[in-house]
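Indexing begins at 1, ligand by ligand and atom by atom, following the structure's order. The basis for the numbers below is simple: all heavy atoms, side chains too, and nothing from hydrogens, waters or symmetry mates.
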Amino acid sequence: MEVISYREPYESIKDLPVGIFVFEEDFGHLEYAGELAKVIEKILSVEDFKGKEDTIAKVPVLDGDKVRTFYVVGLGKKDKVSFDDYRRASAIFVKRLRKDKVPTAHLYAGENLDYKRSKAITEGLLLGNYSFDKYKTSKENSFRVDKVMLYGGDKEGIRVGTVFADAQTFARDLVNEPGNVINPITLAEIAQKLAQDYGLECKIYDEKQIQEMGMHALWSVGKGSSTPPRFIHLTYKPQGEPKDRIALVGKGLTFDSGGLNIKTGDYMRTMKMDKSGACAVLGIMKALAQLKPQIEVHGIIGAAENMPSGSAYRPDDIIKTMSGKTIEVDNTDAEGRITLADALHYASNLKPSYIIDMATLTGACIVALGEYTAGLFTNDDEFGNKLFEISKETGERLWKLPMDDKKLKEKIKKSDADIVNTGGRYGGAITAAMFLEEFVGEGIKWIHLDIAGPAYLKEEFGYYSKGATGFGVRTCLEYILSLDKGT
Ligand code: BES
Ligand code: MN
Ligand code: ZN
């Protein structure tokens, strides 16, 4: 879909349906419909439409001798309206256009749309136009909107919003691919292709090189699969001297069966999504190549498939990581943190100022925060707070969990090795984060996002379709842009 800015009065646009965003109990924007405003308002009151957030009303009215369709979408209370309200309203609008098989429409969301609102609307429109149906042989329900004309849309907001949404959609598409299509080898090939297409540096390490580098943690998790692990390192380098350097690390389990500690059927289902962190990193790298900030960014992925077999790693195994620290395996299903041990150490060796890792790490995080909020863990409160503030605008909900509980930390220290890979049932998301912290280099500001909940949804809502969400892409991108702007 294309979003195009225009500025013409309602009277001069022909035939096409018109979306109008209104506030709760303030339908001032209906003015755009000129003489028809009164009748629209009447119909809305019959329909009991109040302009509450996440509501939409379809209003066909007689305009001369033709029927003109208006879609009135609620933003909620004017004094409380957020960027995410615009984003969700836009998605709800597009989803309705798809249902009604409308390929082109106009949208009026206010007289003067600034950069941020135009960007949020563009993101919502594009994200709402998505569903994963490439494997459906019947295309009956795969109607997409081609074009939305946004009244007074800020061109830069539309441009950047399009890049953001495309990156998130790239991530969603990859996550939705099943394990028989994306495995560590094909994921590495996709990264390589991305690098070629967009002018990024790309280094792939195969299973031999992984072992030679001393990444026995990643190797151990991956060696039970007939598709061996891969280590992926993408780099975006700006022209000239970068202002700063950041590494993004993504958990890349292309499928997580649990390994020898095999999951039961219900829990194994959807575990193709265990590569969500990795796919978010790939989406971000793609966007950076288009946005070209003056920041050096490394995208790091340890790709593996966690499978049970005669060559699989076992409970009780003691593994030497690339950092030299040893890990005792309590449970082969706590595999993500083991792969991340090597990935975080490798990232630390690049001497970035910041590391953000994204991982579908623990079911415990979903129990703690629900499926719409990711856990935020950090060794630097200022950094954590910055990302948290950004997340309020991107709508990717984050909530901070504590890292300073010394008693809890003891649980992963009771081991024959330096550290053990589980800390018991209570505080499972926190002990997992504490485990990761052991592999972050001295002096590096680090954030871990446990995206196990919001990375993949059972039901559509707002601008998400069922399945992969691409969660984390926009928040990390916004952070990198803020580093570039120095804000
Ligand atoms: N990939 C899972 C975590 C997960 C669970 C992600 C549900 C998304 C939805 C992870 O590898 C895992 O299996 N974690 C275990 C850890 C436990 C064995 C300590 C868990 O959360 O049960
Ligand atoms: Mn697991
Ligand atoms: Zn996993």
Please examine the side chains of [Y] and [X], heavy atoms only from C-beta on, and report whether any two atoms are closer than 4.5 Å.
X	Y	result
L449	L376	yes
H233	Y346	yes
D244	Y354	yes
T235	L350	no
T321	H345	no
I327	R337	no

Report the nearest protein non-hydrogen atom to [atom]: residue, atom name, distance rounded to 0.1 Å.
atom	answer
atom 10 (C) of ligand 1	L361 O, 3.3 Å
atom 20 (C) of ligand 1	G363 N, 3.9 Å
atom 17 (C) of ligand 1	A334 CB, 4.4 Å
atom 2 (C) of ligand 1	D256 OD2, 3.6 Å
atom 19 (C) of ligand 1	T422 CG2, 3.6 Å
atom 7 (C) of ligand 1	M271 CE, 3.6 Å
atom 16 (C) of ligand 1	R337 NH2, 3.9 Å

Should the proximity of [X] to ligand 1, defined as any heavy atom under 4.0 Å, be assigned to the side chain, the backbone, both, or neither?
X	value
D333	both
L253	neither
M268	neither

Where ligand 1 meets [X] - atom numbers and elements under 4.0 angstrom, heavy-atom basis:
X	result
A452	6 (C), 8 (C)
K263	12 (C), 13 (O)
K251	1 (N), 10 (C), 11 (O)
M273	8 (C)
E335	11 (O)

Donor-acceptor under 3.5 Å ([X] side chain, [Y] main chain):
X	Y	result
D330	V420	no
T339	L218	no
S311	K223	yes

Using a cut-off of 2.8 Å, find all protein N, O or S atoms closer to the Mn ion (ligand 2) than that distance.
D256 OD2, D333 O, D333 OD1, E335 OE1

Just checking, is any N or O donor in the side chain of T394 or T475 under 3.5 Å from an acceptor N or O on the other one?
yes

Between E460 and Y130, do the side chains contain an N or O donor and an N or O acceptor separated by less than 3.5 Å?
no

Do any heavy atoms of I366 fall under 4.0 Å from ligand 1?
yes

Per side chain to side chain donor-acceptor pair (under 3.5 Å), K251 is matched among D357, D274, D450 by D274

Check whether F132 forms a cation-pi arrangement with K134 (NZ or CZ under 6.0 Å from the six-membered ring centre, at most 45° off the ring normal).
no

When you measure from the centre of the six-membered ring of F164, is the NZ or CZ of R87 under 6.0 Å away and within 45° of the axis?
no

Closer than 2.8 Å to the Zn ion (ligand 3), how many protein N/O/S atoms do you count?
4

Show the numbers, then the answer: is there a ring-ring contact (aromatic ring centres under 6.0 Å, His included) between F461 and Y464?
CA-CA 5 Å; F461 89 97; Y464 293 126; 5.6 Å; yes

Before you tell me yes or no, could you show the steps for N306 and S257 under side chain to side chain donor-acceptor pair (under 3.5 Å), namely the whole-Å CA-CA distance, both residues' side-chain angles and the distance that decides it to 0.1 Å?
CA-CA 6 Å; N306 189 20; S257 71; 5.3 Å; no

Partner of F383 under ring pair (Phe, Tyr, Trp, His ring centres under 6.0 Å), picked from W446, Y479, F377, is Y479

Which is it for Y267 and D333 under the side chain to side chain donor-acceptor pair (under 3.5 Å) test, yes or no, and what are the steps along the way?
CA-CA 11 Å; Y267 288 96; D333 198 11; over 6 Å; no

Under 4.0 Å and counting heavy atoms only, is there anything from the protein next to atom 22 (O) of ligand 1?
no

